[in-house]
Amino acid sequence: SGGEGGGPGGIASAQPRRSGREPAHAHPSPLDRWQGRDHPVDGADSGLTFRVESATAPIEPAKRVLESAFASCDESLIELRGKYRAARRILLLHEGRCVAALVGFAHEAESVLEVPLLGVEQGRRKQGLGTLLVAVAMQLSAKLKLAYFVVSATDEAHKFWLGLGLHHAGGACWSGGAAQTKAATEVCAAVRKLAQSDRLHQYGESTVLGRLVDEASMMANAMDRVGRASEQTRAEEIRPEEAERCAPRHTSHTSHTSH
């Protein structure tokens, strides 16, 4: 996944654009319960919402974000065609504009939410939006009673995903204490089942990473990142001359304090 990767978002067109190679059609997904309207992001600014889309929805907002996040990108994955028809796009929107998007599969039998692709709008990186979209996806996972969160991570996205508590989940698993070992065993077993049934959608030369779903800690982490990014942005927007003008000036009437 692109992690905090970039790419311009857009406004959805009035009519869905469908592939000429096959009719738009979506296999049922547990994520469909959130289709049909935009939903507020819990605890976030009122301008932040999320949307779940199937293959029948307009593709332009997510496509512009995701295609620009990768040097090459499988269009059928973004458009949810062929073997990706059971996937759904989850969009993060700011005041109606797509600022981040991911493609996700809800595998109920293996209790996995799988994310082979994630990207953030160009110019909006380092603002915590990728982390926030992951937190939204984890919240949906928890509501669906899915226990594991699995991604396909490109080399450049490893730092992003490892920072969110994910570990290698394909082949050899991570080591640690008893809790870590149990989590590793569970996640790796779920990944193996998906791979053996040819339902693991590993993207390109990516690495499969995973972790247990923990919606509370992930959302708290996301809110912290978004808040810190917002504070930094506001600080950077103050021009040096404005900062000088606003700085308190000392006069001869300044009182002295004892040390």
Side-chain angles (χ1 to χ4, degrees), residues 1-5 29-31 50 52 66 69-70 74 77 83-84 86-90 92 100-120 128-222 225:
S1 292
E4 299 271 0
S29 168
L31 291 167
F50 73 89
V52 176
L66 293 171
F70 300 90
D74 184 354
L77 177 56
K83 65 180 181 179
Y84 305 118
R88 295 294 180 267
R89 295 185 295 265
I90 304 178
L92 181 67
L102 65 78
V103 174
F105 292 83
H107 301 289
E108 287 187 294
E110 292 77 16
S111 199
V112 170
L113 183 75
E114 179 196 3
V115 176
L117 202 61
L118 181 149
V120 176
L129 298 175
T131 303
L132 184 57
L133 183 54
V134 171
V136 168
M138 276 210 184
Q139 281 195 330
L140 302 187
S141 301
K143 292 180 186 299
L144 293 173
K145 302 188 184 307
L146 303 178
Y148 315 117
F149 186 83
V150 171
V151 306
S152 293
T154 57
D155 289 343
E156 59 269 27
H158 265 211
K159 184 178 179 181
F160 169 76
W161 289 116
L162 294 177
L164 296 185
L166 280 79
H167 299 267
H168 289 271
C173 296
W174 66 90
S175 59
Q180 279 281 72
T181 300
K182 184 176 184 295
T185 300
E186 293 176 358
V187 173
C188 292
V191 168
R192 281 196 299 271
K193 287 180 181 178
L194 288 172
Q196 289 166 1
S197 61
D198 198 29
R199 289 179 300 121
L200 182 67
H201 303 86
Q202 189 170 359
Y203 187 76
E205 298 299 320
S206 60
T207 302
V208 179
L209 306 177
R211 60 161 292 165
L212 298 180
V213 167
D214 184 348
E215 58 168 328
S217 67
M218 186 62 67
M219 184 56 74
N221 180 28
R225 291 193 182 199

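From a predicted model like this one, the values you see are computed outputs, not experimental measurements. If you read the sequence from its start, that first residue is 1, and numbering goes on from there.
- Residues F160 and T131 are in side-chain contact: their nearest non-hydrogen atoms beyond the backbone lie under 4.5 Å apart.
- For the atom pair CG (L31) and NZ (K143), the distance works out to 13.0 Å, reported to the nearest 0.5 Å.
- The CG atom of L140 sits 13.0 Å away from the CZ atom of R88 when rounded to the nearest 0.5 Å.
- Between atom CD of residue E110 and atom CG of residue L146 there is a gap of 10.5 Å, rounded to the nearest 0.5 Å.
- Note that the CD atom of E156 and the OG atom of S206 stand 10.5 Å from one another [nearest 0.5 Å].
- A 4.5 Å side-chain heavy-atom check between L118 and V151 finds every atom pair outside the cut-off.
- Looking at every heavy atom in both residues, A147 comes nearest to S111 through N-OG, 2.7 Å.
- Here the side chains of L212 and F149 are not in contact, with every heavy-atom distance at 4.5 Å or above.
- When all heavy atoms of F105 and K83 are compared, the closest pair comes out as CE2-O, 4.2 Å.
- For the pair P116 and V103, the tightest heavy-atom approach, listed with the atom from each and the gap, is CD-O, 3.0 Å.
- Considering only heavy atoms from C-beta on, L144 stays 4.5 Å or farther from E108 through its side chain.
- Distance check, rounded to the nearest 0.5 Å: CH2 of W161 to OG1 of T207 gives 13.0 Å.
- Closest approach of V187 to G210, counting heavy atoms only: CG1-CA, 4.0 Å.
- L132 has its side chain out of reach of R225: every pair of non-hydrogen atoms, C-beta onward, lies at least 4.5 Å apart.
- Among all heavy-atom pairs drawn from A100 and L129, the shortest one is CB-O, 4.4 Å.
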Go through the steps for V150 and L194 under the test side chain to side chain contact (heavy atoms under 4.5 Å, CB included), then give the verdict.
CA-CA 11 Å; V150 171; L194 288 172; 5.8 Å; no
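- Counting only heavy atoms from C-beta outward, the side chains of L209 and H168 approach each other to under 4.5 Å.
- Separating the CG atom in L162 from the CZ atom in R211 is a distance of 12.0 Å, to the nearest 0.5 Å.
- Here the side chains of H107 and K193 are not in contact, with every heavy-atom distance at 4.5 Å or above.
- Two residues are said to be in side-chain contact when any heavy atoms from C-beta on lie closer than 4.5 Å; H201 and Y84 meet this criterion.
- The minimum heavy-atom distance linking S141 with V213 is given by the pair CB-CG2, 3.9 Å.
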